[in-house]
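Here is the naming used below: chain letters follow the sequence lines, and residue numbers restart at 1 for every chain.
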Protein chains: 2
Amino acid sequence: MKIGQLAQQTGTPVDTIRYYEREGLLPRAARTEGNYRIYDAVHLERLAFIRRCRSLDMTQDEIRVLLRFRDTPSESCEDVNALLDAHIGHVAERIRELQQLETQLQVLRACCEEGRQAAECGILNELSHGGAELTTPAASESHLAATHAGGRQHVPPRQGGGA
Amino acid sequence: MKIGQLAQQTGTPVDTIRYYEREGLLPRAARTEGNYRIYDAVHLERLAFIRRCRSLDMTQDEIRVLLRFRDTPSESCEDVNALLDAHIGHVAERIRELQQLETQLQVLRACCEEGRQAAECGILNELSHGGAELTTPAASESHLAATHAGGRQHVPPRQGGGA
DNA sequence: GCTTGACTCTGGAGTTACTACAGGGTTTCC
DNA sequence: GGAAACCCTGTAGTAACTCCAGAGTCAAGC
């Protein structure tokens, strides 16, 4: 099959498939005479595997490790367990961080009542003089991301997205 | 004061201060004869404000809005409230997503017992054939980030940060 | 006066995981 | 045989920095 069909069958944008090939997650595809990539069931399975890992928010590096174990099935899978445990740890930690953040934001939000002028806005004042509840920057140490970011998975620019 | 002192007093890396100036969050600093930036208390306050916002995981765009309100204190602060409410909403949504993710990962983790060979590793098998519990990619729609990422705030490689 | 070292400057590249082109070539269908 | 749909490569952009090279500035010590 061609790249478009593979894209459709796995729900992956065509650009992303080519990107995975560049990054070495997918092997270089064979080509037709007209230089089109051709794929078979093996590629499809591998791509589906990668996409499932990505849907679990694993990094490319983590996926690379898992793929290596998939490719050499005789080795012990201890490292797979360890990787997953670490990943779960990161997610749990990020959840804790975000919950703290949510509390802080709600405290901050409570500072301002509706309809004031910005000069007396409790939120701006609080952010200006720095309440005790607000942590200093540099909270996260792990490989966890900030709350926002540009690369939110592979969702296209418009579709009911951002703030 | 010079940039190094400002950096120290606000806990902000020097590079980041220059970056904020480039981005227009901080005004261009005056210069000494030797072309060194010089700052005063106004700069310090503004930078502290920015850093407090960043510690609350606000984007530069969000901070820009808040700064604009700070600079024009006669306007109503309704938009500040709205911005913060939206931000809280995003954080809450991301928490929910991550909690789902955590559950999925724990289910996956339970598939494999210790010390098997990769060929019979429950995790790899689950990721290969694709269990029903695993969502497809493209879960997040908002401006919230993935669980991992390179730019984790501004924490320098090693220093035992501020967490 | 000269050197050493700490500090600062600019500009550019790297980070993640894509996404979005531009400017072409190929296939397919009517 | 011509248009539409598909595919190709390569490059640049995203967020919020971080890191580096190569050079200039400044204060202190000898």
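- Residue-environment remark: CD (A/Gln106) exceeds the threshold of 12 foreign heavy atoms within 6.0 Å.
- Contacts of A/Arg96 classified as salt bridge (Lys or Arg N to Asp or Glu O under 4.0 Å), with partners at least two apart in sequence or in another chain: none.
- Summary of the strand contacts: B/Tyr19 and A/Lys2 both lie near DNA chain D, and taking for each the nucleotide with the nearest heavy atom, the more 5' one is attributed to A/Lys2.
- A donor-acceptor contact shorter than 3.5 Å links the side chain of B/Gln5 to the backbone of B/Lys2.
- Remark: P of D/dG10 and CD of A/Glu21 are 12 Å apart, rounded to the nearest angstrom.
- Remark: P of D/dC26 and CD1 of B/Ile3 are 15 Å apart, rounded to the nearest angstrom.
- For the OP1/OP2 pair of C/dC18 and a distance below 4.0 Å, the side-chain nitrogens and oxygens of A/Arg51 include at least one atom meeting the criterion.
- Atom pair A/Asp57:CG and C/dT16:P shows a separation of 15 Å (rounding to whole Å applied).
- Listed pair B/Arg18 / C/dT10 fails the phosphate criterion, with no side-chain N or O lying under 4.0 Å from OP1 or OP2.
- Atom CZ of A/Arg64 is separated from atom C1' of C/dT16 by 11 Å (rounded to the nearest Å).
- A cation-pi arrangement is not found for A/Arg31 relative to A/Tyr36, the charged atom failing to lie both closer than 6.0 Å to the ring centre and inside a 45° cone about the ring normal.
- Of the side-chain N and O atoms in A/Tyr20, one or more sit less than 4.0 angstrom from OP1 or OP2 of C/dC18.
- For B/Gln8, the CD atom sits in a loose shell: 12 or fewer heavy atoms of surrounding residues, nucleotides or ligands are nearer than 6.0 Å.
- A/Arg54 has its CZ atom 12 Å from the P atom of C/dT16, to the nearest Å.
- Side-chain contact check for A/Arg51 and A/Tyr20: at least one donor-acceptor pair (N or O, by modelled atom type) lies under 3.5 Å.
- Residue B/Asp61 contributes atom CG, which lies 7 Å from atom P of D/dA16 at whole-angstrom precision.
- The distance from atom CD of A/Gln8 to atom P of D/dA5 is 15 Å, rounded to the nearest whole Å.
- The side-chain hydrogen bond (donor to acceptor under 3.5 Å, both in side chains) test applied to B/Arg28 returns no partner, not counting sequence neighbours.
- Residue-to-nucleotide proximity on DNA chain D shows that, of A/Gly4 and B/Gln60, the 5′-proximal contact is made by A/Gly4.
- Atom CG of A/Asp15 and atom P of D/dA12 are 16 Å apart (whole Å).
- Shown for residues 22-39 of chain A: residues whose heavy atoms fall under 4.0 angstrom of DNA chain D, namely A/Arg31, A/Asn35, A/Tyr36, A/Arg37.
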